[in-house]
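In what follows, every chain begins at residue 1, and chains take the letters A, B, ... in the order their sequences are listed. Only heavy atoms go into these numbers, but all of them, side chains included; no hydrogens, no water, no symmetry mates.
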Amino acid sequence: MAIELNGKTYETDEEGYLADLSQWDEEVANHMASEDDCELGDEHWEVINFLREYYEEYQIAPAVRILTKAIGKKMGKDKGNSKYLYSLFPYGPAKQACKYGGLPKPTGCV
Amino acid sequence: MPTVKKMMYVNRRAPHGTGYALEGLEVVLIGTAFEQEVCMAFIGDGVYQIMQGQDTRAAGMKNFSPTYKALGDYDVTRLYVEQESLSERGLSVDDLMPLTYEDEDDDWAEKPSVQVIVRKELSQIMAAQDVLFNF
Amino acid sequence: MLHTVNKSPYCSDSLRLCISYAGKDDAVLLIEDGVYAAMCGGNSEAILQGAEVALYALWPDLQARGISEDKLVDGLKVVGYDGFVELAAKHSKVQSWL
């Protein structure tokens, strides 16, 4: 499977995650979000960028409970809770934000 | 409430030559979702998994050694490394990654996860577990 | 003959056997987990002691395993993939001790 956008081809897996992390850019993130009827604002980007940094450091996408805890530590309790994160990413914060961030499916999502 | 079991993942293989180390690590991370009391042991060539300075770019492989640093976030805070296995291989604790965790009960103080212990002591800890997985 | 060893000396007898079979004009190249034998200070160093063959280790595999150049046993040469090709071309036969 693949996404065609602005003359560029982005290979994806069967669930729509990018096959090659290095192909990722903001355009494809916005495109994937719009397919889910979601418009990415600053608060979404804060989480997506956090996940991308986490992946850069640890080479894994964290499970949602790890993400929640880590966001809470970095950005405060009002953001480090499931209610806030699910309001941004209703399909599941870790899965959906990882997808838009070009990362693989989170490790430890059961 | 279900009872919490003591679980130990025993890592015996070198990191890159086979898939055991990476797959074992993924099982540990996924398994933490069940909120059991998890620890890991590194014995034999398993001690090579957490060696410092692994750089797989030239070999064209995925470097998953940074993922061991995430174990603390997943509440895996006890990594037992067998002293005899280090010595046989000419290694010391300084050759290993300084893996740490943040202690929630102690104002998030950063503490070392790696504990180098002798085989006899490790075998006692092993005997006290409810479930063991060997990779 | 060029011999390659890809198993850790602590998990397999490949290196011990290879060294005992290798002739003095042969070369032994450590690759993959075989490069753990290139680290000094370990018990496997004894296997290499007294070996008359030329000993090499593949740099990308050393690097992947965190083995820096200052930790290598004496008398061992480090080669890259190009050096591997040269060794294979120089020797008429290659034996892989799997």
key: Residues of residues 78-91 of chain B with any heavy atom under 4.5 Å of a heavy atom in chain C   = B/Ser87, B/Glu88, B/Arg89, B/Gly90, B/Leu91

inquiry  = Using a 4.5 Å heavy-atom cutoff, which residues in residues 80-96 of chain C come close to chain B?
reply    = C/Tyr81

B/Asp55, part contacting chain C, at a heavy-atom distance under 4.5 Å = both

request  = Answer with side chain, backbone, both or neither: which region of C/Asp33 has an atom nearer than 4.5 Å to a non-hydrogen atom of chain B?
outcome  = side chain

query = Would you call the rings of B/Tyr68 and B/Phe64 parallel, tilted or perpendicular, where under 30° means parallel and over 60° means perpendicular?
reply = tilted

query = Which class fits the ring pair C/Tyr21 and C/Trp97: parallel under 30°, tilted 30 to 60°, perpendicular over 60°?
reply = tilted

ask   = Taking the six-membered ring where the residue is Trp, are the ring centres of B/Tyr48 and C/Tyr36 under 6.0 Å apart?
value = yes

query = Do you know which two heavy atoms are closest between B/Ser65 and B/Met97, and how far apart they sit?
reply = O-CE, 3.4 Å

request  = Kindly indicate whether the side chain of C/Leu15, heavy atoms from C-beta on, has any atom under 4.5 Å from the side chain of C/Leu48.
outcome  = yes

key: Contact origin within C/Lys71 toward chain B - heavy atom pairs under 4.5 Å   = side chain

ask   = Which bit of C/Glu32 comes within less than 4.5 Å of chain B, counting heavy atoms only: side chain, backbone, both or neither?
value = neither

ask   = Rounded to the nearest 0.5 Å, how far apart are CE of B/Met40 and CE of B/Met8?
value = 10.5 Å

message = Quick one: does any side-chain atom of B/Asp45 pair with a main-chain N or O of C/Tyr10 as donor and acceptor, under 3.5 Å?
response = no

